Structures are given as structure tokens and as C-alpha cells.
Amino acid sequence: MSATLCSTPTSSTRLKSQEMEDAPASRPGTSDSMGNGDEEKSIQGHREGESPPAHPDFPEGSARGWFTAIGGALVGMCTFGNAQSFGVYQDYYTRISLTEKSPSAISWIGSIQLGLLFGLGLFSGTLFDKGYFRATVISGSVLFLFSSFMLSLVEPHNYYQNLLAQGIGMGLGMGLLLLPSLSVVSHYFRRRRSLAMGIVITGGALGAVVYPILLNKVFAKERFGFKWGVRFVAFIDLFLLVLANLFMKPRLLVPPRKKASIDYRKIAGDVPYLFLLAGFFCGFWGIFIPFFYLQLFSKLHGVNPSFLDWAAPSFGRFFPNFLADKYGPLNILIPSGFITGSLVWVLLGVSSIAGMAIFAVLYGFFSGAYLTLSTASVASFSTSPTLDDMGLRIGIACFFMGLAVLTGNPIAGALVHAPEYFWWRPLLFSCISTILGTVFITIARQGMVKRKGLQRV
């Protein structure tokens, strides 16, 4: 996520400390994933004639650090939890409140939300780097909550009100919230960073369990309906974001050291990195389609979808971080991508509750691993000894992810062609794009293996 995220999945930002005036920046989800070999190269690459920089002290296991990680998880629950619950809204809008609109037009609401969640990370990350963590997170919280309550006031058959409140307003708030909340955890953890980031990322998966169940139950009750379903979620988010803003606190507030100049031509000519970008674009083009359309698919096939999100894959957002530290993020991401793409095509043969449950568990686990490790894998492609190009590389990757999720789901909605519902079309699109993206990432990995002479990338 970066979802997944530039998040999403893990993100990067520079630690700010006087002790790090000449030290390479540590970034969440990246320095651990790079391993000791890359850190040694970074130190060896320090300016000639100067002593190697010392790593700053990290208060591993401090109460403030764990509270910050918990606060990040609460933000993840509000942001990614809501974004991954859009399948409930897609189903409700298509069948009830926006029947005059095609599934493709409706999916633009969720796609814009996801696109801003990823794409705005470059802007919010820059604000975080400049020391505006508190202002950025509070602003994002206010905008997100205001838009959430405005969504509850939208009347049926007012498409552009839904688009403005849910797509643009909530999306902007999510984009301001997520990356700083992920990045601040890196101030407190080094050795246990995988565990801390796993806690943060699992918050989003927990939201994808709780919110769809709540929304489905409340939408179905005449005395409450859509308006109160949205309000119940908004009140939960209000409570969680108040706690998150109280819990999270940046530890290192001193402006970062002066960056070395970045060779933009070198990045533009980095062939393995370009294959990685192509892989991310294709992968994110198709990977969210089941999240958007699974509930509608289930109902139209006579399967009660109310249980589906109980199978949400919190474990798939948590466990892969540990494997990535040991084997390398690309080595875990690639098999996860191939399995995820293959599972999409299997969905065509599912027609029972048991089959749908198995699909939801497996797809959620492997797609969760793919989303979690996407931005972490960018660490392997840095060519700067002091990692000064890391932020730019991750920012570029986030842009391509955001562009893909912005367009992929509307394309799927057009391919399904309601009211005929040719499901094989969007599922084939999702399957091919996810597998093709993983092929590109595999080519990128081979380039990095050849460059570094290591299999662990």
C-alpha cells in the first residue's frame, strides 16, 4: 500500500538527528530489509577522509515507541480499512442508490480515493521531512473526518456528491495521514522495526474486517440504512484518530543533514528500476479489482457475502515482513504476486460459500504480502551510498502505483458491462496484469542480483 502501501504498504523518510549529520538516512521498512551488506556499503561510501558515521541510538521497546506504533495502526485502520471496504459501497451504489450509473463510473469514487492515498504520499512525506508531522496529521484527520460525515448526508442518485465527499475529500485526508504515520515509527525502532511496522500495517487489515461487517449489517436495517452506517464508521474513526494523534509523537525533530545532489539521469537510466516501475504499475492495475467487486460478484451468484470479510488477511500483512528481513523483499514479493494473479482466475469457478471463503482467505493473504512488500523492495534499487535517492525513488514508485489504482478499477467496471455482467473480462484483466507485473519485477530482480552479486534482494 504504500498500501500497501507507500505505505502500503512501508514508506521511507529521513531520520532527523544531530547525531546523523553525516549518517545515511534510515527509512521505515527499508534499512532492515536491505540487510547488513547494504548498510556496510553505505558506510564505506561515506566521504573519503571522514570516519564512518555511527548509527543513532534507538529506544527499542520504549513505551513511547510502542504507543507510536499503536497510533500508526489506528491510522492504518481508518485509512486502508476504509479504502479496502469500498467493495461494500460498490455493491450498494450499483444495486440501490446509484442505479443510473455504470459500475465503471461508480468505481471511480473508490479509485480516486485509492489514487490519492498513494499519490499524495510524496507530498505528505516531504512535509514530514521538513518537521511538519503534527500539522500534517491533524490536517489530514480533520479533512478525512469532515468528508466522512459529509458522505452520510449525501442523498441517493447524487453521484458527484459521493465523488466529492468519498473520493476526493476522504482520499486527500488519507493521503495526508498515512505516510507520516508510518514514517514516524522509524524514529523508535531499528532491530524490531519489522515487528513495529507489522503492527502498523495490520491495522489496515483489521479495518478491512470490521468496517465491511458493520456497514453490511447497518445498510440492511431500514431504521438506520446508509446514512447511519456511514456515521457509525465516522464516529469510530473520530475516536481512533483522536487516540492516534495523542499516541504518536516524533522523537527526532532536528532538520536533516544537507542532501547530496541526486543524479536524475542515473535514475532515469536504471534499467532494473524501470522494470520495477512497470511491474508495480501492472500489478496495482489489477490487484484491487477483487477488493472492489467481490461482494457484488457474490450477491449476483447467490452467495451471501456477509461473512467474506471475516476472512480478511491480517496475517498476510504481518508475517511477510519477517520473511523479507531474512530472504529479501523481492524474493517474497515475486511468488506472492504469481499466486495472487493465479487466484483471480480461480474465482470464476467459485459458486459456494465454502469456495468463496477459501478464495477470500488465500487471496487476502497473498495480495496482502504483495502490497506490504512493494515499497520496501525499492530499497534494493538505491545507488546512492548515503541513500539520498531513496525518497525520490519511492516517490516515483508511489506515483505509478497511484496512477494504476486510479484507472484499473474503472477499466474493470467497463469490462464487466452491467447489467449483463461478463465477469470473465475483468477477472482476466486482473489476472493478466498482476502476473505480467510480477514478470517485470522478476526481470528487475535479476538485474539487481547481477548488479550486487547477491541472491538476497
Side-chain angles (χ1 to χ4, degrees), residues 2 4 6 8-12 24-45 193-194 197 262-284 287 319-342 366-367 369-398 400-401 433-457:
S2 227
T4 315
C6 294
T8 105
T10 53
S11 303
S12 73
S26 287
R27 300 176 180 272
T30 56
S31 60
D32 280 352
S33 299
M34 290 173 65
N36 294 333
D38 288 335
E39 292 177 355
E40 291 172 2
K41 290 179 182 179
S42 179
I43 294 174
Q44 292 170 359
R193 186 172 296 161
S194 289
M197 295 305 297
I262 298 175
D263 189 344
Y264 295 96
R265 290 185 178 181
K266 189 173 184 180
I267 294 177
D270 187 344
V271 176
Y273 178 67
L274 296 179
F275 272 105
L276 182 75
L277 295 179
F280 282 162
F281 180 87
C282 291
F284 276 72
I287 201 168
F319 183 64
N321 290 278
F322 294 100
L323 294 179
D325 282 345
K326 185 175 182 179
Y327 300 106
L330 286 174
N331 292 334
I332 305 301
L333 185 151
I334 289 171
S336 299
F338 281 121
I339 294 172
T340 299
S342 301
F366 289 106
S367 65
Y370 184 96
L371 295 171
T372 297
L373 296 172
S374 294
T375 50
S377 64
V378 181
S380 303
F381 292 80
S382 175
T383 57
S384 170
T386 53
L387 306 182
D388 284 304
D389 63 344
M390 186 69 66
L392 179 61
R393 286 178 182 267
I394 289 183
I396 294 172
C398 285
F400 280 93
M401 292 174 189
S433 61
T434 304
I435 291 178
L436 179 61
T438 309
V439 170
F440 285 142
I441 294 173
T442 304
I443 296 172
R445 178 197 174 275
Q446 293 305 111
M448 292 307 300
V449 168
K450 184 177 180 181
R451 177 185 297 175
K452 291 188 173 185
L454 298 171
Q455 292 293 324
R456 182 186 176 277
V457 293

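Remember, it's a predicted structure, so these values are computed and weren't measured experimentally.
- Atoms CD1 and CZ, from Ile435 and Phe440 in turn, are 13.0 Å apart once rounded to the nearest 0.5 Å.
- Note on ring orientation: taking the six-membered ring where Trp is involved, the planes of Phe400 and Phe281 are perpendicular (angle over 60°, cut-offs 30° and 60°).
- Put simply, CG on Leu330 and OG on Ser336 are 11.5 Å apart, with the number rounded to the nearest 0.5 Å.
- Just one of Thr438, Thr442, Ile441 meets the side-chain contact (heavy atoms from CB on, under 4.5 Å) condition when paired with Leu333; it is Ile441.
- Of all the heavy atoms in Tyr370 and Gly279, the pair that sits closest is OH-O, 3.7 Å.
- To the nearest 0.5 Å, atoms CG (Asp270) and CG (Leu276) are separated by 9.5 Å.
- Looking at every heavy atom in both residues, Pro272 comes nearest to Ala444 through O-CB, 3.1 Å.
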Task: Verdict with reasoning, Arg451 to Gln446, per side-chain hydrogen bond (donor to acceptor under 3.5 Å, both in side chains) - done: CA-CA 9 Å; Arg451 177 185 297 175; Gln446 293 305 111; over 6 Å; no

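- Here the OG1-CD1 distance, from Thr340 to Ile287, works out to 5.0 Å after rounding to the nearest 0.5 Å.
- For the pair Arg393 and Phe381, the cation-pi test (distance below 6.0 Å, angle within 45°) is failed.
- The line from CZ of Phe280 to OG of Ser377 is 3.5 Å long, rounded to the nearest 0.5 Å.
- Here the CD1-CD1 distance, from Ile339 to Ile334, works out to 12.0 Å after rounding to the nearest 0.5 Å.
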